[in-house]
Amino acid sequence: MIVFIGPTLRRDEISAACDAVCLPPAAQGDVYRATLERPRTLGIVDGYFSGAPSVWHKEILWALSQGIHVFGSASMGALRAAELHSFGMRGVGRIFEAFRDGVLEDDDEVAVVHGPAETGFIPVSEPMVNIRASLIRAERDGILTGTARHRIEAFAKSLFFPQRSWATILGNAVARGVTAAEVARLGEWLPAGRVDQKREDALEMLAEMKAAAAEPGRHAAGFTFEWTSHWDAFVARTTQQSKAAEPSLASLHRGIIDELRLEGEEPYRRVRERARLRLLADREANRLGLQASPEAKRASLGKMRAELGLFTRAQLEAWLQRNHLDPAALEQLIEEDVRAQAAIGPANSLPDPQLLDELRLAGAYERLAERAQQKRGLLAALPPGTPEGALSPPDAASLRLWFFEERLRRSLPDDMSAYMENLGFSEAGQFDDAIRDEWIYIRLTNE
């Protein structure tokens, strides 16, 4: 669970309600970065209206399309949920309902001025939604008449939102036609009677998020995410450094990366390039709207477990713990891998010029070119009818056994078709011809 929170709730109130990672009020890009942590549920309470670009609707749609349950309540979250509830964002509370139903329309209804993070985002103004809720309760409790309530409410609404406070409201109520007696009663009633509607809605949202996090399965988006040039630009300028991890885990992650860097430039480059390829493939998979079938996910998980030696359930669970993953995060990791592989396409779909250019950049082209030219020359110089005798290769099955056991020093793969496909051979005959020529070349050169 990840929650964007500021002045609406204190951190201790959140800790008492649920186990969630608390992030500062959401600005543009923060929801996108949070999705990189693969949370099961993501909640927006507070967000920036000014001073920083507001959270973008499309990054919320992106989170929904990634199978994340996204909630909104109380403040910026209520606004975005009212705008996106038809796409699957789950709004919670009376404030959300008022915006959804058109009872409220202005952003300033929930806006407040608050202190910096060091102060716990302490609010220094009163949101209009809380003023409205408090005045309604005061009228119901007999503190105000209906006329007085409307006059005070109208005056509060006329104020610029940073100027809204109960001291300002009470100090100007008589001038707005409210009796001094009513103002006095309201002042005495407020400390205990004041309604914090934003807080109540936010706590209700946390309870629903907690319930959703315990449910099996992920959110199923009822729409297709449209990958556009604007989204490309947004992703390109949005830093990939996530702020959503637990502080202790984020520190460990930085330490892990430092350990990799200290192993030297080449190990770091290899991991960086593979990670870059995965990132680009994942973006392409999302742009194309590729989905991972249950069969493909099972096959990918089976392959991963075989490669890592995770043959028992206990071994898999221990690996998850050591790698700071839970089953839901593993499921998403496997799904991303399947979709990325689908976006890259089969090995034989990669154009040869790209492979050759990569060999040039890696410094391996000259070595392989020299060997290929020598092999071609020797095979072409064989007399007609050759190979005979010592150069007569065995049958295809024996050639394969020789290739794997003597050349590669490994056992035959369990899935020969998959192995050949991963090497880019479009059919078995091509693979058998290649190892046949290799067998003859080895015997001609005594390599």
Side-chain angles (χ1 to χ4, degrees), residues 260 263-285 299-300 303-304 306-307 337-338 340-447:
L260 172 63
E263 290 186 356
E265 184 179 17
E266 184 57 26
Y268 179 77
R269 186 192 66 80
R270 288 196 301 268
V271 174
R272 182 193 64 197
E273 294 307 310
R274 289 198 299 269
R276 181 179 294 164
L277 178 60
R278 282 178 57 85
L279 175 63
L280 294 174
D282 184 64
R283 290 179 184 173
E284 180 67 3
S300 178
K303 179 174 178 291
M304 184 207 78
E307 290 176 348
D337 183 64
V338 170
Q341 293 300 323
I344 294 172
N348 55 20
S349 70
L350 186 66
D352 288 347
Q354 271 63 45
L355 286 173
L356 296 173
D357 285 345
E358 185 61 29
L359 289 173
R360 294 182 179 101
L361 293 171
Y365 182 92
E366 295 177 26
R367 173 179 59 81
L368 296 177
E370 181 181 357
R371 194 173 191 275
Q373 289 170 338
Q374 185 181 17
K375 182 186 290 185
R376 287 181 62 190
L378 288 174
L379 292 174
L382 290 174
T386 307
E388 297 290 345
L391 289 180
S392 180
D395 59 80
S398 298
L399 275 174
R400 291 182 182 182
L401 188 64
W402 164 82
F403 176 71
F404 286 102
E405 293 186 348
E406 296 191 29
R407 292 295 288 157
L408 301 185
R409 303 295 182 183
R410 55 155 292 180
S411 60
L412 283 164
D414 293 331
D415 190 339
M416 184 65 72
S417 296
Y419 180 87
M420 290 186 289
E421 183 179 351
N422 288 336
L423 284 181
F425 289 105
S426 59
E427 54 185 35
Q430 288 184 337
F431 176 67
D432 290 332
D433 288 345
I435 59 176
R436 172 184 174 276
D437 290 347
E438 178 71 1
W439 188 90
I440 297 171
Y441 175 75
I442 292 297
R443 275 148 184 78
L444 288 172
T445 60
N446 294 317
E447 185 179 292

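Looking at every heavy atom in both residues, Arg409 comes nearest to Glu406 through NE-O, 3.4 Å. Here the shortest heavy-atom pairing between Ala285 and Ala343 reads N-CB, 3.7 Å. A pairwise comparison of heavy atoms in Arg400 and Ala428 identifies NH2-CB, 3.7 Å as the closest pair. Closest non-hydrogen pair, Tyr268 versus Leu260, comes out as CD1-CD2, 3.7 Å. Of all non-hydrogen atoms in Gly264 and Pro267, the two that sit nearest each other are O-CD, 3.4 Å.
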*Chi angles and distances behind the side chain to side chain contact (heavy atoms under 4.5 Å, CB included) call for Arg376, Tyr441*: CA-CA 9 Å; Arg376 287 181 62 190; Tyr441 175 75; over 6 Å; no
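Here CG of Asp432 is found 11.0 Å from CG of Asp437. Values are rounded to the nearest 0.5 Å. Here the CZ atom belonging to Phe403 is positioned 10.5 Å from the CD1 atom belonging to Ile442, to the nearest 0.5 angstrom. A distance of 13.0 Å separates CZ of Arg272 from CG of Leu277, quoted to the nearest 0.5 Å. Here the straight-line distance linking atom CZ of Phe431 with atom CG of Leu399 works out to 9.5 Å at 0.5 Å rounding. Taken from CZ in Arg367 to CZ in Arg371, the straight-line distance is 9.0 Å, to the nearest 0.5 Å. Between atom CZ of residue Arg360 and atom CG of residue Asp357 there is a gap of 5.0 Å, rounded to the nearest 0.5 Å.
Glu263 is linked by a side-chain hydrogen bond (donor to acceptor under 3.5 Å, both in side chains) to nothing, counting only residues two or more places apart in sequence or in another chain. Residues meeting the ring-ring contact (aromatic ring centres under 6.0 Å, His included) test with Tyr419, sequence neighbours left out: Phe404. In this structure, the side-chain contact (heavy atoms from CB on, under 4.5 Å) partners of Glu273, at least two apart in sequence or on a different chain, are Arg269, Arg276.
The side-chain heavy atoms of Arg410 and Glu405, taken from C-beta on, include no pair separated by under 4.5 Å. Side-chain atoms of Asp415 and Ser417, non-hydrogen and from C-beta on, do get closer than 4.5 Å to each other. Taking 4.5 Å as the limit, every side-chain heavy atom of Met420 sits out of range of all side-chain heavy atoms of Gln430. Residues Ile440 and Leu378 form no side-chain contact, since every pair of their non-hydrogen atoms from C-beta on lies 4.5 Å or further apart. Contact annotation: the side chain of Asp337 approaches that of Arg278 to within less than 4.5 Å [non-hydrogen atoms, C-beta and beyond]. Side-chain contact check for Glu307 versus Lys303: some heavy-atom pair is nearer than 4.5 Å.
No donor-acceptor distance shorter than 3.5 angstrom exists from the side chain of Ser398 to the backbone of Pro394, with no hydrogens or angles considered.
No more than 12 heavy atoms of other residues, nucleotides or ligands lie within 6.0 Å of CD in Glu370, so this atom counts as exposed by the packing criterion. Residue-environment remark: CG (Asp414) stays at or below the threshold of 12 foreign heavy atoms within 6.0 Å.
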